[in-house]
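These notes are about the structure you will find just below.
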2 protein chains.
Amino acid sequence: MAIRDTGTEQLIKDTAMRIFFAEGKFNATTQDIADAAGVARTVINYYFRSKDALFKLVFKEAMDDTKRRLDEVLLSSMPFKKKVVTFIDVFFIELNKYPYKESFMISEINSQSFVMPDDRHSAALEPFFKEIKQAMDMGEVRKMLPINFVLNLFSLIAYPLLTRPLFKHMLEIPDAKFEQLMQERKKMILELLFI
Amino acid sequence: MAIRDTGTEQLIKDTAMRIFFAEGKFNATTQDIADAAGVARTVINYYFRSKDALFKLVFKEAMDDTKRRLDEVLLSSMPFKKKVVTFIDVFFIELNKYPYKESFMISEINSQSFVMPDDRHSAALEPFFKEIKQAMDMGEVRKMLPINFVLNLFSLIAYPLLTRPLFKHMLEIPDAKFEQLMQERKKMILELLFI
DNA sequence: TATTTGTCTGACTAAAATGTCAAACAAATA
DNA sequence: TATTTGTTTGACATTTTAGTCAGACAAATA
C-alpha cells in the first residue's frame, strides 16, 4: 500500500521548529515536542527513527529554507541598492517569525557533533560579489573587501536581534521601544553601507 | 578549622570554562567536566551542590569578567578614538581565548530558565554615550542614535566570530586566511564608524 | 602522636530521557 | 465485508545523567 499522508510527519517537524525557533527551547525533549504536537512520543521514532535524526532533519530544512529565501533576493534582477534593502527586509521578517532561529543555528554550528552539509556554497554569492565590486567602482558604496561588505550587512542586522534580551536589559528599553529602534536601524544600516 | 585551599574548586571552574568557552561543548555533563579536571564527579556536588549551581556560577563569573574588562576601557581617560580602538582590541583578544564564550552567553540568555542578574547596568555606559555624542558634534563620527553606535560596534566585531564556522565554510577560507580577514576588519570597522 | 576536621572517593539510588515492541486501530482495497 | 497494511499507542527496557551518603584519606592542630 502507498504511504498514507496523515500530516503527522509534517506536524511534528512544524512543532519542533516552533519550539526551537519561536519559543527558544533549545533543549526540548522528544516528550516536549510530542506533547506540543498532541501525539504519542513514539511516533517520533516511527517517522524519524531517533531524536537525533529529527533534530538533524529540522536543522537542515531550516538552513535550506533560509538559504532559499535569501538566494531568491540575491539572484533577482533588482538594482543593487534595492536588492540590499529587500535583503534586509527579508532578514528582518525571518527573525521576527523565528526570533531564536539564528541563535539556534549558531549553537548547532558551534557544537562538536555538527558536520556541515556539503552543499552549503550558495550559487548566489559569486554574482553578488561582482555586483558589490561594481557598486564600489561606481562610488555607490565605500571601498573594502566585498567579503567585508557581506559580513557587515549580516552583522549589523543579525547581532542586535541575537543579543536582544541582553541589550534590552542593559539599556532598559521595553519591547515596543526595541522594535522601533530596530526599524530605525534599517535606515541607519543603509546610510552606513552606502555612501 | 579554616577552609583548606586545595585549588580544586578553582580547577573545576577553570575546567568548566575551558570546556564551555574554548571547546564549545555546551552540553557537557558533570562527568565530562570532572574527567577533564581529573577529579571524581562528586566533588562538583561537594563544592557547588548541583550541576545547575556550578553552571550558573561559571556563567555569572564569565559575564562579570567580560564586563570588568570592557568597563575598564570605557572608563579610562583615553581620547575617544583611541578608546574605541582599544575596545575593539580587547574584544578580539577575549574572543580569541574563548571563541565560543559569546555564543554560549547568547544561548544562555535566550534560554527559558535564564534570569538576568540585577547588576547588569554598566556604570561605564552612561558617560560613554556622552563621549559618543561629543564625537558626533565634533564631526568625528557619523550622526546617529548613540545607542546605534554601540550596537554597530558590537555587531561588527562579534558577529563574524560568532558565525565563524558557517562563513569559513561558505566562503571556503582556511584558518589563517580567516584570521587575516579579521585583522583587516579591525581597520575597516574604524573607517566605517569614524568619518 | 592522637584527634579533629576539611577534602575526596566509590558504591548506591533516583530521576529523566530515549528506544523497542507487541498489539490496537483505521484507512485502503480485494 | 474481509483482509491487508500503514499508523498509532502504551507498556516495558535501556541508557544516561545527577544526587546522596558512608567512609577513606590527609592536612591541621591540640
Side-chain angles (χ1 to χ4, degrees), chain A residues 1-21 23-61 100 104 107-108 110-115, chain B residues 1-21 23-61 100 104 107-108 110-115:
Chain A
M1 212 194 301
I3 291 171
R4 268 177 225 153
D5 186 9
T6 57
T8 306
E9 185 169 359
Q10 193 57 46
L11 171 68
I12 292 170
K13 284 198 283 190
D14 289 345
T15 306
M17 300 227 317
R18 201 187 71 224
I19 288 182
F20 291 149
F21 307 145
E23 298 174 18
K25 293 171 187 160
F26 294 7
N27 297 320
T29 65
T30 49
Q31 189 68 64
D32 294 333
I33 295 168
D35 288 351
V39 297
R41 182 176 55 81
T42 46
V43 291
I44 291 176
N45 292 99
Y46 176 71
Y47 282 107
F48 308 97
R49 302 197 64 97
S50 69
K51 173 191 176 177
D52 198 56
L54 168 63
F55 280 25
K56 277 195 168 57
L57 184 68
V58 166
F59 179 80
K60 185 178 172 0
E61 290 196 2
Y100 300 100
F104 185 88
S107 285
E108 275 304 302
N110 275 344
S111 85
Q112 297 322 100
S113 57
F114 181 74
V115 277
Chain B
M1 211 192 303
I3 291 171
R4 265 176 226 151
D5 185 10
T6 58
T8 306
E9 185 168 0
Q10 193 57 45
L11 171 68
I12 291 172
K13 284 198 282 189
D14 290 345
T15 306
M17 301 229 316
R18 201 186 71 224
I19 288 181
F20 291 148
F21 307 145
E23 298 175 17
K25 293 172 188 159
F26 293 8
N27 297 320
T29 65
T30 51
Q31 189 68 63
D32 294 334
I33 295 168
D35 287 351
V39 298
R41 181 175 56 82
T42 46
V43 290
I44 291 176
N45 293 99
Y46 177 71
Y47 281 108
F48 307 98
R49 302 195 64 98
S50 70
K51 173 191 176 176
D52 197 56
L54 168 64
F55 280 24
K56 277 196 168 57
L57 185 66
V58 165
F59 179 81
K60 187 182 171 359
E61 290 196 2
Y100 300 100
F104 186 89
S107 284
E108 275 302 303
N110 274 345
S111 85
Q112 300 318 100
S113 59
F114 181 74
V115 278

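Chain identifiers are assigned alphabetically (A, B, ...) following the order of the sequence lines, protein sequences preceding nucleic acid strands; residue numbering begins at 1 within each chain.
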What is the distance from [atom1] of [X] to [atom2] of [N], rounded to the nearest Å?
X	N	atom1	atom2	result
A/Leu11	D/dT8	CG	C1'	13 Å
A/Gln31	C/dG19	CD	C1'	13 Å
B/Ile33	D/dA18	CD1	C1'	12 Å
A/Asp32	C/dT18	CG	C1'	13 Å
B/Asn27	D/dT16	CG	C1'	13 Å
B/Ile12	C/dT9	CD1	C1'	13 Å
B/Phe48	C/dC8	CZ	P	11 Å
B/Asp5	C/dT7	CG	P	9 Å

Nearest to the side chain of B/Thr30, which nucleotide is it out of D/dA18, C/dC8, C/dG19?
D/dA18
I want to verify a distance call: between D/dT8, C/dC8, D/dA18, whose nearest atom is closest to the B/Thr8 side chain?
C/dC8
Could you go step by step and tell me if B/Tyr100 and B/Ile19 meet the side-chain contact (heavy atoms from CB on, under 4.5 Å) rule?
CA-CA 10 Å; B/Tyr100 300 100; B/Ile19 288 181; over 6 Å; no
Here the pair of heavy atoms bringing A/Arg41 nearest to A/Ala34 is CA-CB, 3.5 Å
On a heavy-atom basis, the closest approach of A/Val39 and A/Val43 is CG2-CG2, 3.3 Å
Bracket notation of DNA chain C in which parentheses pair within the strand, [ ] cross earlier pairs, and | pairs with another strand (Watson-Crick or G-U, under 3.5 Å)
||||||||||||||||||||||||||||||
Distance-only side-chain donor-acceptor flag, B/Thr42 / B/Asn45, under 3.5 Å:
no
What residues in residues 51-58 of chain A put a non-hydrogen atom under 4.0 Å from any atom of DNA chain C?
A/Lys51
Might you work through the side-chain contact (heavy atoms from CB on, under 4.5 Å) test for B/Ile12 and B/Thr15, ending with a clear yes or no?
CA-CA 5 Å; B/Ile12 291 172; B/Thr15 306; 5.7 Å; no
Determine whether B/Thr30 and B/Leu54 make a side-chain contact, defined as any pair of heavy atoms from C-beta on separated by less than 4.5 Å.
no
Applying side-chain contact (heavy atoms from CB on, under 4.5 Å), can you list everything that pairs with B/Lys56, at least two apart in sequence or on another chain?
B/Asp52
Could I get the full list of side-chain contact (heavy atoms from CB on, under 4.5 Å) partners for A/Asp5, not counting sequence neighbours?
none
Qualifying ring-ring contact (aromatic ring centres under 6.0 Å, His included) pairs, either residue in residues 23-52 of chain B, two or more places apart
B/Phe26-B/Phe104
Between B/Phe59 and B/Phe20, is the ring centre distance below 6.0 Å?
no
Is there a side-chain contact between B/Thr6 and the phosphate of C/dC8, meaning an N or O under 4.0 Å from OP1 or OP2?
yes
Touch check for A/Tyr47, heavy atoms < 4.0 angstrom, all strands: base, sugar-phosphate only, or nothing?
sugar-phosphate
Please round to the nearest 0.5 Å and tell me the distance separating atom NZ of A/Lys13 and atom CD1 of A/Ile44.
13.0 Å
Which residues, if any, of residues 34-46 of chain B bring a heavy atom under 4.0 Å of DNA chain D?
B/Arg41, B/Thr42, B/Asn45
